[in-house]
Amino acid sequence: MLMNLFKFKGGVKPPTNKTQSLGKPIAQAPIPSRLVVPLHQSIGGTPRPVVQAGDRVLKGQLIGEADGWISAAVHAPTSGTVLEVAMHVQPHPSGLDALCVVIEPDGKDEWIPRQPLDYKSLAPEQVRERLQQAGVVGLGGAVFPTHGKLTASKTVPMEEMVVNGAECEPFITCDDLLMRERAEEVVRGIGIFRDLLQPKKILIGIEDNKPEAAEAMRAAVKAVGETFEVVQVPTLYPAGGAKQLIRVLTGKEVPAAKRSTDLGVQCFNVATAYTAWRAIAHGEPVVSRLVTVTGNVAEPRNYEVLIGTPMDELLKLAQPKPDTDGIVMGGPMMGFLVPASSVPVVKATNCLIAHSDKLFPPKAPEMPCIRCGACAQACPHELQPFEMYWFSRAKNFGKTQEYNIFDCIECGCCSFVCPSRIPLVQYFRFAKSEIWAREREKNASEQAKARFEFKQLREEREKADKAEKLAKAAAAQAAKKAAEAAAEGSAQVAVETTAAPVAEAAPVDAAKEAKRATIEAAMARAKAQREAVQPKNTEHLAPDQQKAADEIEARRVAAHLIDAEPAAAPAPASEKPE
Amino acid sequence: MFAPAPFLLKDASVTKVMTQVCLALVPGIAAYAWLVTPAILIQLVIASLAALLAEAFMLRLQGKPQAIFLTDGSAIVTAWLIALAFPPLAPWWLVVTGTVFAIVVAKQLYGGLGQNPFNPAMIAFAICIVAFPALMSQWPNAGLQVTLVDQIKVIFGLAPRVDALSGATPLDAMKTALKLAEGSSSVGQLLANTEIYGSFAGRGWEWIAAGYLLGGLWMWQRNLITWHVPTAFIGAMLVLSGGLWLYNPAEFANPLFHLFSGGAMLGAFFIATDPVSGCTTPRGKLIFGAGAGLLAYIIRVFGGYPDGVAFAVLLMNLCAPLIDLLTQPPIFGMKDKA
């Protein structure tokens with residue numbers, strides 16, 4: 001079928017470097033000596049650990065329970081013993097630690113009982129829950145919990161579902177090989193998504209530098225008997241960005257402020273579809289993924305790797321060359337150097353590139369921006385990176401937002417083309433994180449202010465309540481005393497006060513005088529307090545102000561708006577919780 | 001530690017950009033040296049040396065790394081544009097004064113590379129034509145009957161400036177003749193003077209302009225400049241000069257004459273396209289180019305200076321930030337189709 005493709009502006013053509021790792025089929029990476037499985041492997045809530053040190057776990061056993069709807073469960077990648085649940089350094093640019101379950105494999109690789117499901121007999125809600133429990137997340141690198149994307153918008157009909165097999169980053173070939181070798185399961189996984197979302201059209205986008213993958217997918221679509229369209233898109237980085245692929249295949253542009261479902265389109269990675277199929281049809285949670293191991297190595301290859309495998313152990317399989325001095329996780333355009341070579345493979349790890357200065361020469365010194373505009377021409381979101389750079393550098397973050405810094409997808413095209421070698425993306429990340437930090441600070445101080453004001457209000461109200469109670473008690477006392485005087489015989493008086501230290505009970509005859517004095521004192525106190533809580537902003541008025549106030553008061557009385565008596569203290573207006 | 005992503009970078013640098021700009025000037029320079037005078041090569045060297053020395057001095061004062069900034073090529077581009085904009089037999093100190101002023105004041109005092117709000121070469125031209133109007137207006141005709149050695153002597157003040165050397169630009173000659181003659185002379189009669197005029201513009205100069213056009217097209221093809229500024233510049237000049245020419249061909253020269261005279265082609269491709277001091281948005285570039293083209297024509301035909309490109313570009317430099325602010329293009333996903 002002939003299809004009209006759209007273009008996105010900008011983009012770059014870095015050398016693809018893909019052939020190196022395409023020579024051999026996918027290999028199974030051996031079980032490592034130790035698995036460090038981070039609990040937080042998706043965007044959203046951090047799963048709660050459900051195992052502890054000493055527990056024996058089976059392959060696929062739940063070790064971290066999803067925390068909230070946008071969160072996905074985590075499972076033991078193989079059978080073995082939990083050594084500890086502790087903080088370990090993460091494959092993240094921050095180099096921060098996060099809670100991990102460390103497992104010592106027993107080598108048996110013994111599965112939990114797997115329960116294949118006929119998802120067609122299940123309610124959509126159950127399928128989504130199942131995917132969440134199986135830890136299915138976006139394996140393109142964003143690791144958004146997949147079940148969260150499988151609900152169509154209530155107002156916008158779902159037009160197209162885009163399946164992302166573009167894989168535009170140089171060096172990475174794991175999706176390519178997945179499509180070549182396991183196309184049918186990918187197609188069946190797409191079928192699950194289709195049944196949940198009910199789109200009118202399913203478009204599988206593959207960059208035209210992967211003809212074998214496209215062919216395999218076409219054959220699989222035919223074999224399964226689906227109507228999905230496999231579309232070869234021009235090879236242009238970042239054609240595999242969800243928004244770019246959506247643009248190319250549907251012509252729709254998803255701005256930063258909107259979700260693609262609002263435009264009737266949703267996008268999934270091919271590997272995500274594959275794991276969804278494994279989870280539903282085989283009852284296998286996500287415990288492994290395909291990882292391209294390439295770069296400065298003798299034997300670049302794709303491996304199926306258990307989540308939690310230390311990266312250095314995996315890299316060894318590909319025989320890194322002696323001058324390797326680091327590991328890049330992800331592609332060379334958006335990836336980052338991991339803070340330690342022992343960090344584990346996580347669900348977001350699609351590629352490891354052994355780094356060397358020969359492969360990626362150190363950058364020339366940063367020169368001043370000459371406003372040549374090459375960045376703006378390369379930006380796939382049609383931003384003006386040099387303006388954002390200027391204002392980021394000047395820490396004028398308001399201006400960066402005016403130039404739509406939050407639409408930046410950090411693809412690196414601008415840095416790639418910059419003749420002044422300015423690490424533009426770094427400046428934008430810096431600006432974004434500063435804006436977030438300030439936003440958080442602002443929210444925190446606003447909350448503190450609200451708390452303080454509420455506390456003040458509450459204290460005032462309590463004071464007023466107390467005064468009112470005292471006054472009531474005093475009045476009751478007075479009435480009772482009058483009654484007593486009339487009856488002349490009663491022995492005891494119950495005095496109800498909450499705070500005023502009034503004598504509780506006393507022989508009337510003996511202590512009558514003392515008691516009257518006490519009561520009078522309490523009444524005087526109450527009166528003073530009542531006066532104290534009455535509005536005071538009308539005191540100390542200038543004569544003309546007083547006159548005006550009196551006139552207003554007179555008019556109000558005339559209009560029966562108020563009684564002659566001033567109103568009680570107003571009820572607290574703020575209902576903000578502490 | 002390593003630099004952050006992207007790890008792959010395009011083979012590009014400021015030096016490379018500037019070198020290519022210089023290369024693009026070569027056809028024009030070659031025609032200049034061949035058809036008018038090889039003395040231009042001497043001027044190019046003088047201006048380059050002055051620019052590098054001034055730049056080195058200023059970098060040293062500011063404690064900036066000299067090796068990096070002296071080799072970025074930006075000072076050379078400025079120097080070459082100054083040399084090409086000044087009369088080829090201008091005394092050496094005039095070129096040096098202009099160049100030093102351009103580098104020290106117009107560039108480094110504003111913060112150096114990338115910070116100057118005005119085109120440094122055009123600042124040099126403007127300053128010198130205001131300060132030394134006579135020296136800046138003496139242009140030799142093509143086919144100069146003076147040996148190169150004598151020309152060099154003139155440049156270095158070792159020989160007297162004889163009348164044979166001095167003339168006016170073809171543009172100036174035409175303007176003066178039309179104004180002085182007051183109706184008794186027409187454009188057609190003037191253009192028939194083959195000593196000054198060639199096929200359609202100044203004799204020799206038209207081919208220099210054609211050389212700049214060629215270099216400019218090459219820069220466009222190499223993606224060093226976009227089409228917006230030159231097209232708008234040339235288009236605006238074409239429309240204005242064409243309209244007036246159609247209105248009265250005896251009083252106004254044809255568009256071809258204007259496009260291939262003076263600094264029109266150099267301005268359209270090499271000066272108005274300066275990214276630092278010009279506009280950056282596509283629509284802004286169109287406005288910038290058109291404004292510069294219109295002003296250049298108005299100044300050269302109705303104003304007091306022989307050519308208007310320098311002042312036109314400087315005036316548009318003034319407006320560039322505002323134009324940029326008002327012409328920000330809509331971004332991905334925010335184009336209002338309605």
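Lettering of chains follows the sequences in order, A, B, ..., and the numbering in each one begins at 1.
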A.B. asks: Going by distance alone, is a donor N or O of one side chain under 3.5 Å from an acceptor N or O of the other, for B/K285 and B/T226?
C.D. replies: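 B/T226 and B/K285 do have a side-chain donor-acceptor pair below 3.5 Å.
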A.B. asks: Out of A/Q426, A/Q377, A/R421, which one racks up the most heavy-atom pairs below 4.5 Å with chain B?
C.D. replies: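 Answer, by heavy-atom pair count under 4.5 Å with chain B: A/R421.
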A.B. asks: Inspect the contact between A/R247 and A/E253 and indicate whether a charged nitrogen and a carboxylate oxygen are less than 4.0 angstrom apart.
C.D. replies: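 Salt bridge present between A/E253 and A/R247.
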A.B. asks: Determine whether a donor-acceptor pair (N or O, by modelled atom type, separation under 3.5 Å) exists between the side chain of A/D407 and the backbone of A/P255.
C.D. replies: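 No; zero donor-acceptor contacts below 3.5 Å.
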A.B. asks: Checking heavy atoms, do the side chain of A/V417, its backbone, both or neither come under 4.5 Å from chain B?
C.D. replies: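 Contact with chain B: backbone and side chain both.
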A.B. asks: Does the distance from a Lys or Arg side-chain N to an Asp or Glu carboxylate O, for A/K395 and A/E434, drop under 4.0 Å?
C.D. replies: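 Salt bridge flag = no for A/E434 with A/K395.
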A.B. asks: Do you know which of A/E387, A/H381, A/M334, A/M367 has the most heavy-atom pairs under 4.5 Å to chain B?
C.D. replies: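 Looking at each option in turn, the highest pair count goes to A/H381.
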A.B. asks: Would you mind telling me which of B/K16, B/Q328, B/Q115 has the largest number of heavy-atom pairs within less than 4.5 Å of chain A?
C.D. replies: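 Most heavy-atom pairs under 4.5 Å with chain A: B/Q328.
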A.B. asks: Relative to the ring of A/H355, is the ring of A/F360 parallel (under 30°), tilted (30 to 60°) or perpendicular (over 60°)?
C.D. replies: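 Ring orientation of A/F360 relative to A/H355: tilted.
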A.B. asks: Test your reading of the model: is there a side-chain donor-acceptor pair from A/K243 to the backbone of B/G333, 3.5 Å cut-off?
C.D. replies: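 No, the answer is negative, given that no donor and acceptor are paired below the 3.5 Å cut-off.
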A.B. asks: Side chain, backbone, both or neither: which part of B/V276 has an atom under 4.5 Å from a heavy atom of chain A?
C.D. replies: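 For B/V276, the contact with chain A is made by backbone and side chain together.
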A.B. asks: Which members of residues 5-16 of chain A, sorted by number, sit under 4.5 angstrom from chain B on a heavy-atom basis?
C.D. replies: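 Contacts with chain B: A/P14, A/P15.
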A.B. asks: What part of A/M333 is in contact with chain B, defined as an atom under 4.5 angstrom from a non-hydrogen atom: side chain, backbone, both or neither?
C.D. replies: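 The answer is both parts of A/M333.
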A.B. asks: Between A/H92 (side chain only) and A/S94 (backbone N and O only), is there a donor and an acceptor less than 3.5 Å apart?
C.D. replies: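 Yes, the answer is positive, given that a donor and an acceptor are paired below the 3.5 Å cut-off.
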A.B. asks: Side chain to side chain contact (heavy atoms under 4.5 Å, CB included), that's the test. Do B/M58 and B/L109 meet it? Break it down for me.
C.D. replies: CA-CA 9 Å; B/M58 288 307 285; B/L109 289 187; 3.7 Å; yes
A.B. asks: Side chains of B/R60 and B/Q66: is there a donor and an acceptor less than 3.5 Å apart?
C.D. replies: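 Absent: no donor and acceptor within the cut-off.
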A.B. asks: Any side-chain donor-acceptor pair under 3.5 Å between A/S21 and A/T173?
C.D. replies: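 Judged by distance alone, the side chains do pair up.
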A.B. asks: In terms of heavy-atom pairs under 4.5 Å with chain B, which of A/R429, A/Q384, A/K258, A/K252 leads?
C.D. replies: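 Most heavy-atom pairs under 4.5 Å with chain B: A/Q384.
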A.B. asks: Check each atom of B/D11 against the heavy atoms of chain A and say whether the ones under 4.5 Å are side chain, backbone, both or neither.
C.D. replies: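 Only the backbone of B/D11 comes within 4.5 Å of chain A.
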A.B. asks: Using distance alone, with no hydrogens and no angle criterion, decide if A/N296 and A/T324 have a side-chain donor and acceptor under 3.5 Å apart.
C.D. replies: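 Yes - a donor-acceptor pair under 3.5 Å links their side chains.
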A.B. asks: Quick one: what part of B/N116 sits under 4.5 Å from any heavy atom of chain A, side chain, backbone, both or neither?
C.D. replies: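 Neither; nothing under 4.5 Å.
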A.B. asks: Under a 4.5 Å heavy-atom cut-off, does chain B meet the side chain of A/P380, its backbone, both or neither?
C.D. replies: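 It is the backbone, since no side chain atom gets that close.
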A.B. asks: So which part of A/P365 gets closer than 4.5 Å to some heavy atom of chain B, the side chain, the backbone, both or neither?
C.D. replies: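 Contact with chain B is through the side chain of A/P365 alone.
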A.B. asks: Give a yes or no on whether the ring-centroid distance for A/Y389 and A/Y427 is below 6.0 angstrom.
C.D. replies: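 Aromatic pair counts; centres sit under 6.0 Å.
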A.B. asks: Does any donor atom in the side chain of A/T294 or A/Q20 lie under 3.5 Å from an acceptor atom in the other side chain?
C.D. replies: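 No - no donor-acceptor pair under 3.5 Å links their side chains.
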A.B. asks: Is there a donor-acceptor contact under 3.5 Å linking the side chains of B/T280 and B/D324?
C.D. replies: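 Note: B/T280 and B/D324 side chains meet the donor-acceptor criterion.
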A.B. asks: Which atoms of B/S74 come close to chain A, meaning under 4.5 Å heavy atom to heavy atom: side chain ones, backbone ones, both, or neither?
C.D. replies: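 Interface part for B/S74: neither.
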A.B. asks: Are there residues of residues 408-416 of chain A whose heavy atoms fall under 4.5 Å of chain B's heavy atoms? If so, which?
C.D. replies: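 Interface residues of residues 408-416 of chain A: A/G412, A/S415, A/F416.
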A.B. asks: Can any side-chain N or O of A/D262 pair as donor or acceptor with the backbone N or O of A/R259 at less than 3.5 Å?
C.D. replies: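 Between the backbone of A/R259 and the side chain of A/D262 there is a qualifying donor-acceptor contact (under 3.5 Å).
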